[in-house]
There are 2 protein chains.
Amino acid sequence: MKKQKATSNDVARLAGVSRSTVSRAYTPDSNVSEKTRQKIYKCADEIGYRPNALARSLISQRSNIIAVVIGDLINPFHALATQQIVERLRDMKLVPIVFQIGQDAATKEYWQAIEEYQVAAILITALNVTEDVQSAIRGLDTPCILFNRSLAEVDLPSVAPDLRQGGHLAATHLVKSGCRRIAIVGGLAGTATAEQRMNGFLSGLEQAGLEPFKIVSGNYRYEGGAKAADEIFSADTWPDGILCANDLLAFGLIDQARKAYHARIPEDVLIVGFDGTPNSAWGAYDLTTIELPLDSMLTSVARMVDNIVNDKPTGETEEAFACRLIPRSSSRRSTNR
Amino acid sequence: MKKQKATSNDVARLAGVSRSTVSRAYTPDSNVSEKTRQKIYKCADEIGYRPNALARSLISQRSNIIAVVIGDLINPFHALATQQIVERLRDMKLVPIVFQIGQDAATKEYWQAIEEYQVAAILITALNVTEDVQSAIRGLDTPCILFNRSLAEVDLPSVAPDLRQGGHLAATHLVKSGCRRIAIVGGLAGTATAEQRMNGFLSGLEQAGLEPFKIVSGNYRYEGGAKAADEIFSADTWPDGILCANDLLAFGLIDQARKAYHARIPEDVLIVGFDGTPNSAWGAYDLTTIELPLDSMLTSVARMVDNIVNDKPTGETEEAFACRLIPRSSSRRSTNR
DNA sequence: CTGAAAGCGCTTACAG
DNA sequence: CTGAAAGCGCTTACAG
C-alpha cells in the first residue's frame with residue numbers, strides 16, 4: 001500500500017552519478033555543475049525523491065528544528081505571537097515542534113524529552129515560567145530563549161517588552177486624564193510579568209503622588225476580570241480609573257461592571273488594558289491598551305535564533321522593547337463630566 | 001562550550017553492557033532484566049544520556065512526529081482546537097511539528113517539504129483548503145487527516161461537525177423564536193465549510209416556508225461582520241433575526257449594529273453565531289451559538305492518528321458529529337415585544 | 001536475557 | 001567538479 005520512499009541511492013542510480021553528488025545537489029553553495037544538478041532534480045522528481053531531513057540532521061549534526069513551548073492559546077496575544085513565530089521560523093527555513101507547558105515543566109524529564117528531538121533551540125513563550133521551571137531548564141544542553149518574558153534572575157537570553165515602562169505609561173495616562181482614585185487589577189500571582197506590570201503601575205501612581213485606590217488580584221483571564229469587577233464595584237465608592245494587567249482581564253471587568261453594576265465607561269470610570277490584542281479594538285470595548293512591541297520582539301528573537309543555528313556569536317542576551325499606548329474611548333474623558 | 005552529547009555507546013561502556021541492551025532498556029516490552037534496565041538508567045542519568053529520537057526514527061522506520069497544518073489562530077475556535085490537538089498528541093506520546101498554511105499550499109513542494117520530516121501523518125486544521133490545495137495533497141506518501149472540515153469530494157479521512165445540521169438548528173431556532181425576516185451573513189466564499197453552513201441555514205428557513213430576508217457575504221472575520229452590519233442596518237427595513245456563519249462575524253456585526261445603528265439585541269433583532277467559542281459567553285455579546293462538538297472530534301481524530309501510527313486498520317474515513325445549540329440572551333425573545 | 005553485526009538515509013573530508 | 005569510504009546514533013533480526 002504505502003510505497004517505499006525513494007532514497008538518494010535511487011536517484012543516483014537513475015541519474016548515473018554517485019550518492020555524494022546527489023547530496024551536493026541539495027546542498028546550497030556546494031560544488032556541482034548546474035547541468036548535473038538539473039539532471040538530478042529531474043530524476044528526483046520522476047521517482048518522487050525528497051531528502052530525508054532526519055537522516056540529514058543525524059549525519060550533519062545540525063538541526064533545523066526549533067522547539068516552541070507554548071502556554072494558553074485562549075489568550076489572544078499568545079495565539080497571535082505563536083502564529084507569527086511559526087511564520088518567522090518558516091522564513092528562516094526552520095521548523096517548529098511545539099510543546100504545551102504544564103505541571104511537569106518543573107521536571108528535568110520534560111525538557112529532556114524535548115531535547116531528544118535534537119532541536120537547535122528552545123523558544124519559551126509560555127506565561128507561567130515559575131521558579132521550579134527555571135531550575136529545570138538550567139543545565140540543559142540546548143540553548144533556550146525566553147520570548148515575551150524576561151527573567152532577570154536567570155541568565156537566559158530573552159526578548160521582552162519593557163513592562164515596567166508600559167505599566168508606568170498606563171498609570172500616567174489615567175492620571176493625566178484626571179483620575180484620582182485608581183484601582184489596579186493585577187496579573188497572575190507569582191509570575192515575573194505580573195510583577196513588572198504592577199511595578200510600572202505603582203511607579204506611575206507614585207510619581208503623581210497617588211496611592212492605589214484598591215488592588216485586586218487577577219489571573220490574566222476573562223473570568224478573573226469579571227470577579228475583580230465584583231470586588232471593585234460592590235463597594236460604596238467606585239474608583240474613577242482602573243488599570244488592568246492585561247486586555248482579557250479588562251474585557252471581563254468591563255462586561256461585568258456594565259451588566260451587574262450599570263457602570264458606564266468612560267463616564268463613570270476610565271479603563272486601560274495591557275497587551276494590545278486585536279480584540280481591544282472591538283467596538284464593545286474600544287479599549288485603551290498598552291501595546292506590546294510584537295514586531296520588534298519577533299525580529300529580535302529571529303536574530304537570536306539565527307545566531308544560534310548558524311553558530312554566530314549570540315550578542316546581547318537580553319533586550320527590552322518599549323511599549324506604546326493606544327488611546328481609545330475606554331479612557332476618553334467624557335466632555336460632560 | 002556546547003558539551004558533546006552522550007550516546008548509547010557511552011552508556012553501554014559505563015554500564016558494562018552492549019549497545020543493544022541499552023537500546024532495549026529504552027524500548028517498552030523488550031527483553032531486558034529489570035536489574036540491568038535500572039543499572040542502565042542510572043548510568044544514563046549520570047552522563048545525561050537521552051536517546052536520539054531522530055536516529056531512532058531513522059533506523060526503526062517509524063516516526064512519532066505528526067505534522068499539524070494550521071490556519072489563522074486569530075480565530076478563537078482554531079486557537080482552542082490547536083491547543084487541544086497538541087495536548088492530545090502529547091498524551092499519545094506524539095509530537096506535533098506545525099506549519100502555517102499559505103499561498104504555497106497549492107504547490108506540491110509545500111507538502112513535500114513537510115514530508116521531509118518523515119511525519120507519520122499530516123493533520124490539516126486550516127480553514128481554507130481550496131480546490132488547488134486538495135489536488136496538491138493528492139498523491140502524497142503520507143496519510144492526511146482533515147480536522148474540522150470534510151471534503152466530500154476528496155476521499156480523505158476527515159472528522160467534521162455536521163455543519164448542515166448545525167445551520168439547520170440555528171435557523172429553526174430563530175424561526176421558533178418568532179423571526180420572520182431572517183438575514184444571513186455567510187462565511188468565506190469558496191470554502192466547503194461556508195457552503196455547508198449556508199445550506200443548513202437555508203434548509204431551516206425553507207422548512208418553515210421562509211425565504212432569506214437578505215444574504216450578505218462575510219469572511220469569518222470580525223471586520224466582515226462589521227461590514228455586514230452596515231449592509232443590513234443601513235436599509236429601511238431591518239431583519240428581525242440574523243444567522244452568522246461564525247461567532248467572529250457575529251461579534252463584529254453586533255458591535256457595529258449597536259454603535260452605528262443603535263440596534264438593540266435582542267429587542268430589535270435576534271442573533272445567532274456559530275462555533276461556540278469561549279468568547280461567545282462574554283457578557284458584551286452573550287451570544288446564542290451553535291457549538292461545534294470539539295471533544296468528540298478530538299477523540300475521533302486521536303483514534304485515527306493512533307490507527308495510522310500503529311498500523312491498525314483505519315476504519316471509517318469520515319465522521320460527522322452533531323452540533324448543539326447554546327441558547328443565550330442574544331436570541332432570547334424579549335417579553336415586552 | 002544478552003551481544004555482534006548489519007544497516008536506516010544521508011553528509012563530508014579526502015583524493016583525484 | 002566528482003566518487004569511494006567512513007560514519008551520525010540508533011534498532012533489530014540472528015544466534016547463543
Side-chain angles (χ1 to χ4, degrees), chain A residues 2-41 43-44 47-65 112 115-120 141 311, chain B residues 2-41 43-44 47-65 112 115-120 141 311:
Chain A
K2 204 169 171 184
K3 48 184 158 185
Q4 197 60 37
K5 263 187 188 161
T7 74
S8 63
N9 240 322
D10 302 327
V11 179
R13 205 161 17 217
L14 191 63
V17 297
S18 70
R19 244 155 74 238
S20 319
T21 305
V22 174
S23 172
R24 289 194 190 96
Y26 286 95
T27 307
D29 308 319
S30 64
N31 280 329
V32 221
S33 76
E34 197 48 33
K35 215 179 86 194
T36 37
R37 171 169 263 145
Q38 290 311 329
K39 184 170 60 180
I40 288 170
Y41 283 175
C43 295
I47 58 176
Y49 170 75
R50 295 255 90 196
N52 180 327
L54 269 34
R56 192 184 266 233
S57 277
L58 185 58
I59 186 71
S60 67
Q61 300 283 63
R62 44 185 21 265
S63 157
N64 52 1
I65 305 179
Q112 289 181 330
E115 285 189 301
E116 290 185 12
Y117 291 90
Q118 318 302 314
V119 297
D141 294 334
D311 295 319
Chain B
K2 205 168 170 184
K3 47 183 155 180
Q4 196 60 37
K5 262 187 188 162
T7 74
S8 64
N9 240 323
D10 302 327
V11 179
R13 202 159 23 216
L14 191 62
V17 297
S18 70
R19 242 154 76 237
S20 318
T21 305
V22 173
S23 171
R24 290 195 188 94
Y26 286 94
T27 307
D29 309 318
S30 64
N31 279 328
V32 221
S33 76
E34 198 47 35
K35 217 179 86 194
T36 34
R37 173 170 261 144
Q38 291 310 328
K39 185 171 60 181
I40 287 169
Y41 284 174
C43 294
I47 58 177
Y49 169 76
R50 295 254 89 196
N52 181 326
L54 268 36
R56 193 184 266 232
S57 276
L58 184 58
I59 186 70
S60 67
Q61 300 283 65
R62 43 182 27 263
S63 157
N64 51 1
I65 305 180
Q112 289 180 331
E115 285 189 302
E116 289 185 13
Y117 292 90
Q118 317 302 312
V119 298
D141 294 334
D311 294 320

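Side chains are part of it too, since the values below use all heavy atoms of this structure and drop only hydrogens, waters and symmetry mates.
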Protein-nucleotide distance (Q38(A), atom CD; dC1(D), atom P), rounded to Å
14 Å
dT11(D) P sits how many Å from N64(B) CG, rounded?
12 Å
Show each protein N/O and nucleotides 5-9 of chain C N/O combination with a separation under 3.5 Å, one pair to a line.
| unit_1 | atom_1 | unit_2 | atom_2 | d |
| --- | --- | --- | --- | --- |
| dC8(C) | O3' | Q61(B) | NE2 | 3.4 |
| dC8(C) | O2 | I59(B) | N | 3.4 |
| dG9(C) | OP1 | Q61(B) | NE2 | 3.4 |

Would you tabulate the side-chain donor-acceptor contacts of residues 21-29 of chain B under 3.5 Å, counting partners in other chains and residues two or more places apart, or write 'none'?
| unit_1 | atom_1 | unit_2 | atom_2 | d |
| --- | --- | --- | --- | --- |
| T21(B) | OG1 | S18(B) | OG | 3.2 |
| T27(B) | OG1 | S23(B) | O | 2.9 |

Could you tell me the separation between the CD1 atom of I40(A) and the OG atom of S8(A), rounded to the nearest 0.5 Å?
10.0 Å
One should read off an interatomic distance between R62(B) CZ and R56(B) CZ, to the nearest 0.5 angstrom, of 11.0 Å
The salt bridge (Lys or Arg N to Asp or Glu O under 4.0 Å) partners of R50(B) (sequence neighbours excluded) come to E116(A)
Listed by chain and number, what are the salt bridge (Lys or Arg N to Asp or Glu O under 4.0 Å) partners of R13(A), not counting sequence neighbours?
D10(A)
Of all residues at least two apart in sequence or in a different chain, which pass the side chain to side chain donor-acceptor pair (under 3.5 Å) check with [X]?
X: E115(A); result: T142(A)
X: N9(B); result: none
X: Y49(B); result: none
X: S33(B); result: T36(B)

Heavy-atom side-chain proximity of Q38(A) to E34(A) below 4.5 angstrom
yes
Any residue meeting side chain to side chain contact (heavy atoms under 4.5 Å, CB included) with I59(B), in chain and number order, not counting sequence neighbours:
none
Phosphate-side-chain proximity, S33(B) and dT2(C), N/O vs OP1/OP2 below 4.0 Å
yes
Taking the P atom of each, how far is dC1(C) from dA5(C), in whole Å?
24 Å
Rounding to an integer number of angstrom, what distance separates dG16(C) and dT12(C) when you compare their C1' atoms?
16 Å
Quick one: stems involving DNA chain C, counted as three or more successive Watson-Crick or G-U pairs, both distances short of 3.5 Å.
C:1-3 with D:14-16, C:5-12 with D:5-12, C:14-16 with D:1-3
Indicate, with a heavy-atom threshold strictly under 4.0 Å, whether T36(B) touches base, sugar-phosphate, or nothing.
sugar-phosphate
Can you list, in residue-number order, the parts of residues 21-32 of chain B that come under 4.0 Å of DNA chain C, counting heavy atoms only?
T21(B), R24(B), N31(B), V32(B)
